[in-house]
2 protein chains.
Amino acid sequence: MSSHSHHTIRQAILDRIQTGEWALGELIPGEAMLADEYGCARTTINRALQGLANDGVVIRKRKGGTRVCDMPVRQAKFNIPVVREQVEALGSVYRHQVTRRVEKAPPTAVQKRLGLAPGTKSLQLDTVHLADDRPFAFETRWVNTRAVPAILDAPLDEISANEWLVQTVPFSSGDVVFCAVNAGKDVAEALGAREGAAVFVIDRTTSLAGEFITTMQLYYREGYQLHSQL
Amino acid sequence: MSSHSHHTIRQAILDRIQTGEWALGELIPGEAMLADEYGCARTTINRALQGLANDGVVIRKRKGGTRVCDMPVRQAKFNIPVVREQVEALGSVYRHQVTRRVEKAPPTAVQKRLGLAPGTKSLQLDTVHLADDRPFAFETRWVNTRAVPAILDAPLDEISANEWLVQTVPFSSGDVVFCAVNAGKDVAEALGAREGAAVFVIDRTTSLAGEFITTMQLYYREGYQLHSQL
DNA sequence: TAGTGGTCTAGACCACTCA
DNA sequence: GAGTGGTCTAGACCACTAT
């Protein structure tokens with residue numbers, strides 16, 4: 001009876017795919033048939049298959065049936081934690097320093113990203129994140145003060161802009177880009193690295209309800225790695 | 001009362017969180033209560049909330065209720081496609097070249113990763129992936145021939161090892177690491193880049209049913225970016 | 001121990017899409 | 001037009017855990 005849980009059935013079906021019972025791209029039996037085979041309700045099969053579809057293992061189409069994904073695209077889910085938590089997870093003491101704070105009209109690239117009218121002022125913030133007083137990451141950020149005016153009064157020496165935003169504007173959406181760059185003079189200096197060092201970068205722009213909030217680049221110190229399961 | 005779809009309700013609840021109706025870390029009403037409020041079955045509320053929990057927006061505990069996640073960890077889901085598809089998605093012609101193919105005992109680091117007994121031979125493969133005959137990525141790989149003996153007879157000049165493995169051993173699990181490194185002499189040469197260039201690396205080890213299949217590092221050409229939504 | 005989420009069921013209807 | 005997945009419901013029981 002416990003073999004009727006959608007988890008169990010999902011794993012059972014995955015096994016049958018992995019053992020090659022159904023080849024890549026092949027149609028697998030319909031929900032009704034599987035429900036009959038496993039002796040459970042169709043709803044349960046549905047959940048199991050939706051889970052597999054969500055993981056990219058199968059593709060489902062109404063009337064088209066369910067088939068094994070013929071070009072399995074590996075999906076990896078990453079957690080992008082607040083820097084302070086990363087540092088503390090390493091057992092180090094976190095501290096941050098705001099190295100620049102100005103209000104001015106951003107360069108056009110940033111202006112476009114934030115969807116601002118030309119000449120609109122924004123808040124530019126550079127922050128160095130420290131682990132045990134050694135540089136851990138360097139952050140350059142522009143904040144759309146029109147969307148989040150309250151940030152001008154935030155105590156950014158006590159709480160990093162990132163955390164302040166997370167607490168104030170939670171669950172905004174946006175996009176992320178990962179890449180590698182050679183450290184320029186400014187980044188190298190902030191991180192205490194040599195110029196030209198390979199640095200891992202997270203570039204992120206977030207918005208809420210269609211309004212852009214902030215855009216930032218986070219340069220991690222050398223050797224940083226981002227882990228995930230797949 | 002209006003729309004009873006779990007998508008709609010999920011969005012409605014998310015809105016109520018984003019507008020601050022429920023603060024970070026705060027308990028939100030139980031399923032039964034929400035079901036009553038929205039005039040739908042508890043099952044429907046359950047689906048909506050499970051979705052939000054899956055996205056890290058809320059945390060749910062039996063008896064503890066559902067509360068807004070107080071330290072929102074941004075989650076990003078990435079697709080890691082087969083290199084050929086990446087190249088073709090750019091509108092370029094894909095080709096690959098196997099630059100090294102030897103069977104020998106791997107260094108201890110690789111031996112441990114693949115869970116091999118000391119001295120066990122493995123297949124080492126270096127591959128250059130080309131886009132319009134220009135280097136796109138450089139791959140170094142070790143394959144556990146005990147787990148996948150058939151690869152010794154695979155036509156790896158026609159199909160890349162990656163694709164052959166994907167088709168032969170689909171949906172294996174494993175882990176991924178992203179990082180940035182300065183190109184060494186070999187990588188620089190393979191990619192046609194200068195030594196020391198910042199290179200984006202995907203390091204991946206996959207296994208199936210507890211047996212390690214393969215481990216590889218994929219070095220992308222300069223300027224490569226990995227995109228995602230959050 | 002009581003309360004909350006987790007899940008299964010049986011039945012129903014709908015929406016999409018392939019032929 | 002017909003077949004398949006998508007979803008909602010009402011009810012039931014279970015499993016976990018906070019108090």
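Naming: A, B, ... by sequence-line order, numbering from 1 per chain. Just so it is clear, the model here is predicted, and its values are computed rather than measured.
A sub-4.0 Å separation between OP1 or OP2 of D/dG6 and a side-chain N or O of B/H7 is absent. Within the 4.0 Å cut-off from OP1 or OP2 of C/dG6, not a single side-chain nitrogen or oxygen of A/H6 is found. Considering only side-chain N and O atoms, A/N46 lies under 4.0 angstrom from the phosphate OP1 or OP2 of D/dG6. Within the 4.0 Å cut-off from OP1 or OP2 of D/dG6, at least one side-chain nitrogen or oxygen of A/Q50 is found. For C/dG5, the OP1/OP2 oxygens have a side-chain nitrogen or oxygen of B/T66 closer than 4.0 Å. Distances shown here put every side-chain N or O of A/T44 at or beyond 4.0 Å from the OP1 or OP2 atom of C/dT7.
For the pair A/S5 (side chain) and A/T8 (backbone), a donor-acceptor distance under 3.5 Å is present.
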Determine all donor-acceptor pairs shorter than 3.5 Å in which one atom belongs to a side chain in residues 9-18 of chain B; sequence neighbours excluded.
unit_1, atom_1, unit_2, atom_2, d
B/R10, NH2, B/D55, OD2, 2.5
B/Q11, NE2, B/D15, OD1, 3.1
B/R16, NE, B/E21, OE1, 3.1
B/R16, NE, B/E21, OE2, 3.2
B/R16, NH1, B/E37, OE2, 2.8
B/R16, NH1, B/Y38, OH, 3.0
B/R16, NH2, B/E21, OE2, 2.8
B/R16, NH2, B/E37, OE2, 3.3
B/Q18, NE2, A/F171, O, 2.5

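When ring centroids are compared, A/F78 and B/F178 come within the 6.0 Å threshold.
Taking atom CD of residue B/E31 and atom C1' of nucleotide D/dA15, one finds them 14 Å apart after rounding to whole Å. As rounded to whole Å, 17 Å separates atom C1' of C/dC8 from atom CG of A/L34. In this structure, the CG atom of B/L27 is 15 Å from the P atom of C/dG3, given to the nearest Å. Remark: P of D/dA18 and CD1 of B/I59 are 12 Å apart, rounded to the nearest angstrom. At whole-Å resolution of the value, CZ in B/R60 and C1' in D/dA18 are 16 Å apart. Computed from coordinates, the B/I13 CD1 to C/dG5 P distance equals 11 Å when rounded to whole Å. Remark: C1' of C/dT4 and CD1 of B/I28 are 13 Å apart, rounded to the nearest angstrom. As rounded to whole Å, 17 Å separates atom P of D/dT7 from atom CD1 of A/I45.
Mapped onto DNA chain C by nearest heavy atom, B/L49 and A/G39 fall at different nucleotides, with B/L49 at the one closer to the 5' end.
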Worksheet, complete the sentence: Quick tally for nucleotides 12-19 of chain C: nucleotides whose base has a protein heavy atom under 4.0 Å get B, sugar-phosphate-only ones S, the rest -, giving B--BBBB-
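Salt bridge A/R67/A/E26: absent, no basic N to carboxylate O contact under 4.0 Å.
Across D/dC8, C/dT7, D/dG5, the shortest atom-to-atom separation from the side chain of B/S5 is found for D/dC8. The B/R47 side chain lies nearest to D/dT7 when the options are D/dT7, C/dA10, C/dT7.
For residues 140-149 of chain A, the set of pairs meeting the side-chain hydrogen bond (donor to acceptor under 3.5 Å, both in side chains) definition, not counting sequence neighbours, comprises A/E139-A/R141, A/T140-A/Q217, A/R141-A/T214.
Counting heavy atoms from C-beta on, the side chains of B/Q229 and A/V176 never come closer than 4.5 Å.
Side-chain contact annotation: B/N46 with B/Q50, donor-acceptor N/O pair under 3.5 Å present.
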